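These numbers were taken from a predicted model, which means no experiment stands behind them. Numbering starts at 1 and runs along the sequence shown.
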Amino acid sequence: SLLALVAPVPSALQGALGLTGSYRLGEGSPVLTTELVLEKARVGQEPIALDRGQILFSNETLQLDLALRAEGADEPLTVIGQVPLTPDRPLDVRVESHGDGLHFLAGFSRDVVAWNQGDTDLRLLIGGSLWAPEANGFIVMKDGKFVVQDQIVSKVNTSVVFDFDRLEVQELKGKIGSSGILQASGALALFKPAPEDVPLAITIEKARIKVPTADLAIAADLRVSGALVSRVPRESSAE
């Protein structure tokens with residue numbers, strides 16, 4: 001709850017967060033050497049824990065060495081690098097995960113999506129500054145399987161490249177139910193809307209969605225524009 005006063009915290013993230021360690025005051029800037037602690041933490045219904053939670057604060061910069069693992073997962077999500085507290089200084093963070101390390105992210109859907117199967121490889125370098133971040137890297141998924149409100153989405157294979165201020169979906173293919181087809185490709189801005197030569201296009205064919213009150217056949221051909229993440233300008237407020 002205290003963290004929510006200074007940073008946006010998704011409602012799906014629950015539990016207690018704390019720090020334990022030591023600090024030094026005196027000549028120069030203060031130095032904090034701490035270990036992040038999670039207690040009864042979860043994303044949606046998925047319990048999560050820290051393999052490593054080292055945070056060093058010095059020279060107005062946070063040095064991070066974190067490894068987050070969902071309960072039962074073989075692989076963690078690691079975050080290593082430095083985050084300056086002044087927005088004009090350089091940002092340098094490396095995010096990496098393999099295998100089942102990202103399955104817990106489905107919990108941010110408020111349990112609408114369950115991620116049952118599939119391996120991912122994520123390597124992401126975040127640079128630039130807090131006001132103008134840049135991302136370089138990729139995420140690849142193989143043989144993903146999801147349940148979306150009782151509908152099975154399977155055989156999901158995707159390759160996405162992060163290119164500074166944009167992402168490019170090189171391939172996204174999947175199967176909806178027994179005969180539906182999901183495909184996507186194209187590019188989308190990350191932080192600031194910008195025109196793309198080949199905008200992100202999502203196609204759904206021959207999909208059948210069954211809910212307690214309806215049995216629907218769905219086809220769609222969508223073009224997505226704008227930006228993946230919305231950033232509030234320095235002197236404006238969110239509505």
Kindly determine whether Asp88 and Thr86 satisfy side chain to side chain contact (heavy atoms under 4.5 Å, CB included), including the steps that lead there. CA-CA 6 Å; Asp88 56 336; Thr86 52; 3.6 Å; yes

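- Of all non-hydrogen atoms in Asn157 and Asp143, the two that sit nearest each other are OD1-N, 3.0 Å.
- When all heavy atoms are compared, the tightest approach of Pro84 to Leu130 is O-CD1, 3.2 Å.
- Leu172 pairs in a side chain to side chain contact (heavy atoms under 4.5 Å, CB included) with only one of the listed residues (Leu182, Leu200, Thr203), which is Leu182.
- In this structure the side chain of Leu32 never reaches within 4.5 angstrom of the side chain of Leu56, judged on heavy atoms.
- Here the CG-CZ distance, from Leu190 to Phe162, works out to 6.5 Å after rounding to the nearest 0.5 Å.
- Between the side chain of Asp100 and the backbone N or O of Ala73, no donor-acceptor pair lies under 3.5 Å.
- Minimum heavy-atom separation, Glu171 to Thr158: O-OG1, 2.8 Å.
- Note that the CD atom of Gln63 and the CZ atom of Phe57 stand 11.0 Å from one another [nearest 0.5 Å].
- Looking only at side-chain heavy atoms (C-beta outward), Asn136 and Asp163 come within less than 4.5 Å of each other.
- Note that CD of Glu196 and OG of Ser225 are 10.5 Å apart. Values are rounded to the nearest 0.5 Å.
- The backbone N or O of Gly107 sits nowhere less than 3.5 Å from a side-chain atom of Ser109 that would complete a donor-acceptor pair.
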Any chance you could lay out the side chain to side chain contact (heavy atoms under 4.5 Å, CB included) test for Phe138 and Asp121, step after step, and finish with the verdict? CA-CA 8 Å; Phe138 64 87; Asp121 284 304; 4.3 Å; yes

Side chain to side chain contact (heavy atoms under 4.5 Å, CB included) assessment of Gln82 paired with Leu64: CA-CA 6 Å; Gln82 64 179 23; Leu64 307 176; over 6 Å; no

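- Linking ILVMFWY residues whenever their side-chain heavy atoms come closer than 4.5 Å, directly or via other members, leaves Val83 and Val31 in distinct clusters.
- Using a 4.0 Å cut-off between a side-chain N of Lys or Arg and a carboxylate O of Asp or Glu, Asp92 and Arg94 do not qualify as a salt bridge.
- Put simply, the side chain of Leu19 reaches to within 4.5 Å of the side chain of Ile55, judged on heavy atoms.
- Linking Ile, Leu, Val, Met, Phe, Trp and Tyr whenever their side-chain heavy atoms come within less than 4.5 Å leaves Ile181 and Val147 in two separate clusters.
- A donor-acceptor contact shorter than 3.5 Å links the side chain of His103 to the backbone of Gly118.
- Arg69 places no side-chain N or O within 3.5 Å of a backbone atom of Asp51 that could act as its donor or acceptor partner.
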Using the side chain to side chain contact (heavy atoms under 4.5 Å, CB included) rule, take Arg123 and His98 through it: C-alpha gap first, then chi angles, then the decisive distance, then the call. CA-CA 9 Å; Arg123 289 189 177 93; His98 305 282; 3.4 Å; yes

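- A salt bridge does not link Lys142 with Asp119: none of the charged nitrogens is closer than 4.0 Å to a carboxylate oxygen.
- The closest side-chain heavy-atom distance from Val93 to Val79 is below 4.5 Å.
- Under the 4.5 Å side-chain heavy-atom criterion for grouping Ile, Leu, Val, Met, Phe, Trp and Tyr, Ile202 is connected to Val169 within one hydrophobic cluster.
- Closest approach of Gln183 to Lys173, counting heavy atoms only: NE2-CE, 4.2 Å.
- To the nearest 0.5 Å, the span separating CZ on Arg52 from CD on Glu35 amounts to 9.5 Å.
- Within the 4.5 Å cutoff, side-chain heavy atoms of Val95 are placed close to those of Leu77.
- For Gln117, the CD atom counts as densely surrounded, since its 6.0 Å shell holds more than 12 non-hydrogen atoms of other residues, nucleotides or ligands.
- Summarising the local packing, CD1 of Ile218 is surrounded by more than 12 heavy atoms from other residues, nucleotides or ligands at distances under 6.0 Å.
- Follow the hydrophobic side-chain contacts under 4.5 Å out from Ile80 and you never reach Leu66; the two are in separate clusters.
- The shortest non-hydrogen separation linking Ala207 to Ile204 is CB-CG2, 3.7 Å.
- Hydrophobic clustering places Ile126 together with Ile139 (ILVMFWY residues linked when any side-chain heavy atoms are closer than 4.5 Å, directly or through intermediates).
- When atom types are taken as modelled, the side chain of Trp131 and the backbone of Pro133 share no donor-acceptor pair closer than 3.5 angstrom.
- The line from CG of Leu102 to OG of Ser97 is 4.0 Å long, rounded to the nearest 0.5 Å.
- Two residues are said to be in side-chain contact when any heavy atoms from C-beta on lie closer than 4.5 Å; Glu60 and Arg89 meet this criterion.
- Taking both residues in full, the closest heavy atoms of Ser129 and Pro87 are given as CB-O, 3.1 Å, listed atom of the first, atom of the second, then distance.
- A heavy-atom distance below 4.5 Å is found between the side chains of Leu38 and Leu68.
- Checking side-chain atoms of Thr78 against main-chain N and O of Ala67 turns up no donor-acceptor pair under 3.5 Å.
- Ring geometry for Phe146 against Trp115 counts as tilted: the plane angle lies between 30° and 60°, on a 0 to 90° scale.
- Side-chain contact between Leu62 and Leu85 is present, with heavy atoms from C-beta onward closer than 4.5 Å.
- The CD1 atom of Ile48 sits 10.5 Å away from the CD atom of Gln14 when rounded to the nearest 0.5 Å.
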